[in-house]
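What follows is a single structure, written as C-alpha cells, with notes after it.
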Amino acid sequence: MLTLTLILFPIVAALLVLAVRSEQTKQLAFVAALAEFGLAAYAFLNFKADTTSQFGFDYPWLANFGIRFSAGIDGVSILLVLLTGLLTPFIILSAFQRKYSRPNVFFALILFMQAALIGVFTARDAFLFYLFFEAALIPIYFLAALWGGENRIAVTFKFFVYTIFGSLFMLVALVYLYFQTGTPGVPGSHSAAIVDLYNLKLSPVAQGWVFWAFFIAFAIKMPVFPFHTWQPDTYTESPTQATMLLAGIMLKMGVYGVIRLLLPIAPAGVDTWGFTAIVLSVIGIVYGSIIAIRQRDIKRLIAYSSFAHVGLMAAGVFSLTENGLQGALVQMLAHGINVVGMFFVADVILSRTNTRLIDQMGGITQHTPRLTVYFMILLLGSVALPLTNGFVGEFLLLLGVFEYNNVLGAVAGTTIILGAVYMLRLFQKTMFGKKTELTETFTDVSASENWVLIPLCIMVFWIGIVPNTFLKLTEPAVANLLQIINQ
Amino acid sequence: MLPIVLLSVFGIAMLFLGFMKSRAVLLPAALLFLLVAFAASFLDWNHTYLYFKGMLLTNNLTILFSAIVLLSAFMIVALSGDFLEDENAQPAEYYAIMLFSLVGAIMMIGFENLIMLFVGVEILSVSMYVLTGSDKRNLRSNEAALKYFLMGAFATGILLFGMALLYGAVGSFTITDIKAYVLLAKGGVSLLLYMGLLLVLIGLLFKVSAAPFHFWTPDVYDGAPTLFTAFMSTVVKTAGFAGLLRLLSVSFTDIYNFWWIILAAITVLTLLISNLTAAYQTSFKRMMAYSSISHAGYLLIGLVALGQQSNGALAFYSLAYSLATISAFGILILVAKHRGTEGRSGESYEAFNGLAHHNPLLAFVLAVSMLSLAGIPLTAGFWGKFMVFSAAVEKGFVWLLVVAVLMSAVGIYYYFRVVIAMYFRSSETERIRVAPFYQIVLITATVLTIVLGIAPGLVQKLV
C-alpha cells in the first residue's frame, strides 16, 4: 500500500496545487514534496535487504488480458525511489527565487512528473512500466517547452519525438514477450508480470531482437552514443528545474530499464550484443568528456558531463558483473545528487550574471565564500574524489568494466582524468581569476539557496563515507538478478 | 431492430417539426430522439435475435457498435447549435437525414444478408452525399459533394457487382449460407467467390477510405461543413468496419489465407500513404482527413489479424477514435468560426496559435484528443492501439506491428504540431466564447477518453 500512496500522493497534491492560484503555490508544492520524501524515507528505513518486493499492491486492471496494476519496491528500485523523493523537494525549492508565469501549472507538472517516475521505478507489470515510462514524458515536455529558452519549441519537440520513437520499440518488444507467456494462442493465459517475463525461454535469435528493441528505447533515454543528440540542446534550453528532473532522475529511467527488463529477459542477447553496447557507451564517455572540455556554455558543459557519466553507468550495467550493477545503482543516486547540485550552482550564477558563457565570468569566489565551498564539494563529488559519493559508484563501475574487458576498462577510466579537466577548468574560469563587469556585484547564496545546497553537500559525503548503508540494500537483489541472468 | 424503426419514425417526425415556427425545438428534439434510440438499442442486451426473416441480427457486439454510432451522432448533433443562428441552414432536414443515415449504419453493423448490407451502405452514403453538399452557397462544398457522389456511386457499383458474383457462386445472399458453402467446398471454392469477395472488399474499403481507395477523402472532408466531416469520419468509419468485421468473421474465415495478404498489403499502403502525407499538411482539417485514413489503417490491422480479440479491439478502437475525433472537429468548428480571416477560413494550424492562453479548457480538450489519436498512454487511444496491435502479434504479424509503430511515431509529429501551436505560440486574437452545452459535450468526450485510458476494462467487459 505504501507504494500506491507514493504514486498517488503527488498526483493528488498536483491537482491541489493546480487549483491554488495564489503566491502560496510554491510553498504548498514544497510541503507536498517534503511529505512525499518522508514516505520515501520511511520506505528506505524500513526496507529489508532481501530479494522480495515490499510495500506492494496488486489489482486486476485489464482482467481478460491478464494485465495487472501491480507495483512494489525491491532492492533494485529502493535507491531510485529514495532519489526521486529526495530530489523533488530541492528541485521545487530551487525555483523559489525565480518568478515563473503560471506557477501553479509549473509546480503541478513537477509533481505529476514525480508520480510518473515513482511509477516507473516500482512497476511490477511490464505494461504498467511502459505506461509510466511514457507518462513521464508529458509533464517534462510541457515544463521544458513552456518555460524554456529561445529555441525551446524546436528543441523540445525533437526530444519528444525522439524519446517516444524509442519507447515504441520497447512497446513492440513488450507485446511480443507478453504473447510468449502462458499458452500460445490461448487468450487470457498470458501475463505481463515482469517476473513471468523473466521465466521465458526465448530463442537466441528472438533475444537478439528483444535486446535491440529495448536497447534503442533505453539508450535514447539515457542517452548512449549515438542516440544522444537531443540531450545537450534540451538540457540547455529547458528551465533549470526541468533540466534537474531530466538529468537528475529521468535519465535513470533508461539505466533502470536496462537492469529491470533488458538484462534478465534477454541475457543471450546481451551475450551477443553486449560488447557493442559497451563499446558505444565507452565511446560516449570519451566523446562526451572531450566535448565538455570545449564548451563555453556552463549548462552545456554539465549536460555533456552528464552524458559521459551515464555512459559509464551503461557500460557497467552491460558488463553483467556484480560490481558493475551495484556501482550503477549507487552511481544513479550519487549522480542525481551531484548533477542537481551542479545545475543549481549554474542557475545561481546565471541568475546573478544573466549569462551562461564561461568566458564572461571570473573572480566570483571573492564575494562568495559559501557558494565556493558548496560548488567545490559538488564538483569533487562529480569528479569522483575518494570519500565523496561519486567515488563509490565510479570505482565499482570501472571495476565491473575491467572485469569484463581490460582495454575497455582502461579507456573508460579516462573519464576520471577528463572529468577532472573540464570540471576544474569550469571552476577556475568562473570562480577564480579577474572579476568581470558581470561578476562585480555578485552576492553570496541566500537562505533558501542554502537550504538546497547544504543537504545536497551532506549527501555527497554521507554516501562517500558510509556507502554500505546503500550498498547493503541493493546487494541481495543484484545477486538474485545475476542468478536469473546466468540461468 | 427497435432503433431502426424508431430512427425511421423519428426522422419523419423531425421533418414535420421543421414546419413549426420555432427553430429552438429542433435541437432538443433531435437529441431526445437519439437518446431514446440509444436506450432502445440496449433492450436486446444479452439476447441474440434475428429480425426481418433472418435479414438482420442483434447480439451484444452489434449492440455495442450501434451504441458507439448513436453516441457519436448524439455528441455531433449536440455540437450543432450554430445552425439555429445561421439563416441559410436547414436544421430540420439535416437532423432528419442524420437520423435516417443512422438506420443505414445500424443495418451495416447487424446485417445477416448481403442485401441488407447493400441497403445500409446506400442509405448511409446517399445521406452523406447530401450532407456534404448542404452548404449550398459554398463552392468547395458543392465540389466535394459532386466528387463524393461520383466516386461513391462507382464504388457502390463495384460493391453490388461483387455481391452478384457471390450470389452466383453460392446461390444465396445470407452470410451463414456463404460460410456453409466455403466450408463444404474446401479446396474447390468457385473462382466467382474469390472475385466477388475481392470486389465487395473494394467497395467497403472505399467507404472506410483505405488506400488506394482514399483519394476522395481529403477533398470531401475538407469541403464538407466541419460538423458533417465529423459525422463522416466517425459514424461512417465505425459502421464500415463493423460491416467488414461481420462479413469476414462470419463468412470467410475458412479462406483466410486468400484475403489476409490482400488486406495486409492494403493496411501497409494505407498506413504509409496517410501518415507521410499528413505530415506535410498545412491545414488542420486536411491533416484530420489524412489522420482519419491512417486510423482506417490501424483498424484494418485488427481485421488482418482476425481472431477472438478482434471484436473487442475494433469496438474499443472505434469508440476511442470517435471520441477524440469529435472533440477535435468540435474545436475546429469554434476556432474556424472565430479566427477565420477574410477570404481564408481559420482551418490552418496558425489559427490555433495561443489558444491555451485565451481558452485553456479548449486547448486541454484538443490536447487530450491529439494525445489519444497519437496513442500516448493514459488516453483511450493508447489502449485502442494496444488491443489492435496485440491482436496482430497474437497472430504472428510482428512485422505489421513494426510498420504500424513506425507510422505511429510519424503520427506523433503531426498531431503535436497543433499542441505546439496552442501552447507555445502566441497570437493577438481574443478569447472564444463557448456555449455551455457545447462545453459539456467536449468535457464529456475528454473525460471519457481519460477514464477509458486509465480503466480500459470498463468497455472490455462488455464484449
Side-chain angles (χ1 to χ4, degrees), chain A residues 59-65 67 69 101-102 105 112 116 127-138 141-142 144-148 152-154 156-158 160-180 184-188 190 192 206 209 213, chain B residues 307-310 312-313 316 356-357 360 367-368 371 374-379 382-383 385-417 419-421 423-425 453-461 463:
Chain A
Y59 305 109
W61 189 17
L62 253 186
N64 40 2
F65 272 82
I67 295 174
F69 199 89
S101 58
R102 279 168 297 158
V105 182
F112 276 127
F127 288 113
L128 194 62
F129 177 89
Y130 179 78
L131 208 79
F132 283 124
F133 198 81
E134 292 285 82
L137 202 54
I138 309 283
Y141 172 65
F142 279 100
L146 279 175
W147 288 275
R152 62 189 197 277
I153 295 178
T156 49
F157 193 43
K158 178 179 172 188
F160 189 76
V161 171
Y162 224 106
T163 49
I164 282 224
F165 185 73
S167 348
L168 285 170
F169 283 98
M170 171 164 68
L171 181 64
V172 174
L174 286 181
V175 173
Y176 170 78
L177 290 168
Y178 167 72
F179 279 103
Q180 303 302 308
V186 182
H190 306 301
W209 287 107
Chain B
Q308 280 157 313
Q309 291 202 2
S310 296
F316 193 95
H357 300 288
V368 170
L371 289 174
I376 307 282
L378 294 182
T379 60
F382 169 73
W383 290 109
K385 280 213 173 76
F386 171 79
M387 284 170 196
V388 169
F389 288 176
S390 56
V393 176
E394 176 125 62
K395 277 261 177 176
F397 292 114
V398 180
W399 59 272
L400 196 56
L401 176 63
V402 172
V403 175
V405 155
L406 287 177
M407 288 302 114
S408 304
V410 178
I412 289 161
Y413 169 75
Y414 57 77
Y415 288 125
F416 260 73
R417 281 177 60 189
V419 175
I420 289 175
Y423 280 92
F424 310 137
R425 296 190 203 285
I454 294 169
L458 292 178
V459 169
Q460 274 287 302
K461 278 201 194 100
V463 183

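Residue numbers start from 1 in every chain, and the chains themselves are labelled A, B, ... in the order their sequence lines are given, proteins ahead of strands.
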Correct closest heavy-atom pair for I67(A) and W383(B) would be CD1-CZ3, 4.4 Å
Interatomic distance, CZ@F179(A) vs NZ@K395(B), rounded to 0.5 Å, equals 12.0 Å
Side chains of F160(A) and V419(B): does their closest heavy-atom pair fall under 4.5 Å?
no
Heavy-atom nearest pair, Y176(A) first then V393(B), reads CA-CG1, 3.9 Å
Main chain of I454(B), side chain of W61(A): is a donor-acceptor contact present, judged purely on distance under 3.5 Å?
yes
If one checks every heavy atom of L137(A) against chain B at 4.5 Å, the contacting part turns out to be neither
Taken to the nearest 0.5 Å, the spacing of F416(B) CZ from I164(A) CD1 works out to 6.5 Å
So, the part of I376(B) with a heavy atom under 4.5 Å from chain A: the answer is side chain
Exactly one of F133(A), Y130(A), F132(A) clears side-chain contact (heavy atoms from CB on, under 4.5 Å) with P377(B), and that residue is Y130(A)
Across all chains, not counting sequence neighbours, the side-chain contact (heavy atoms from CB on, under 4.5 Å) partners of I153(A) are I420(B), F424(B), R425(B)
Among F169(A), F127(A), W209(A), the residue with the most heavy-atom pairs under 4.5 Å to chain B is F127(A)
Taking the side chain as every heavy atom from C-beta outward, state whether I138(A) and L371(B) have any pair of such atoms under 4.5 Å apart.
yes
Separation between CZ (F389(B)) and CG (L174(A)), nearest 0.5 Å, reads 13.5 Å
Pair up each side-chain donor or acceptor in residues 398-409 of chain B with any protein partner under 3.5 Å, not counting sequence neighbours, and list the distances.
unit_1	atom_1	unit_2	atom_2	d
S408(B)	OG	Y298(B)	OH	3.4
S408(B)	OG	A404(B)	O	2.8

Between F165(A) and I412(B), is there a side-chain heavy-atom distance shorter than 4.5 Å? no
V175(A) and F386(B), any side-chain heavy atoms less than 4.5 Å apart
yes
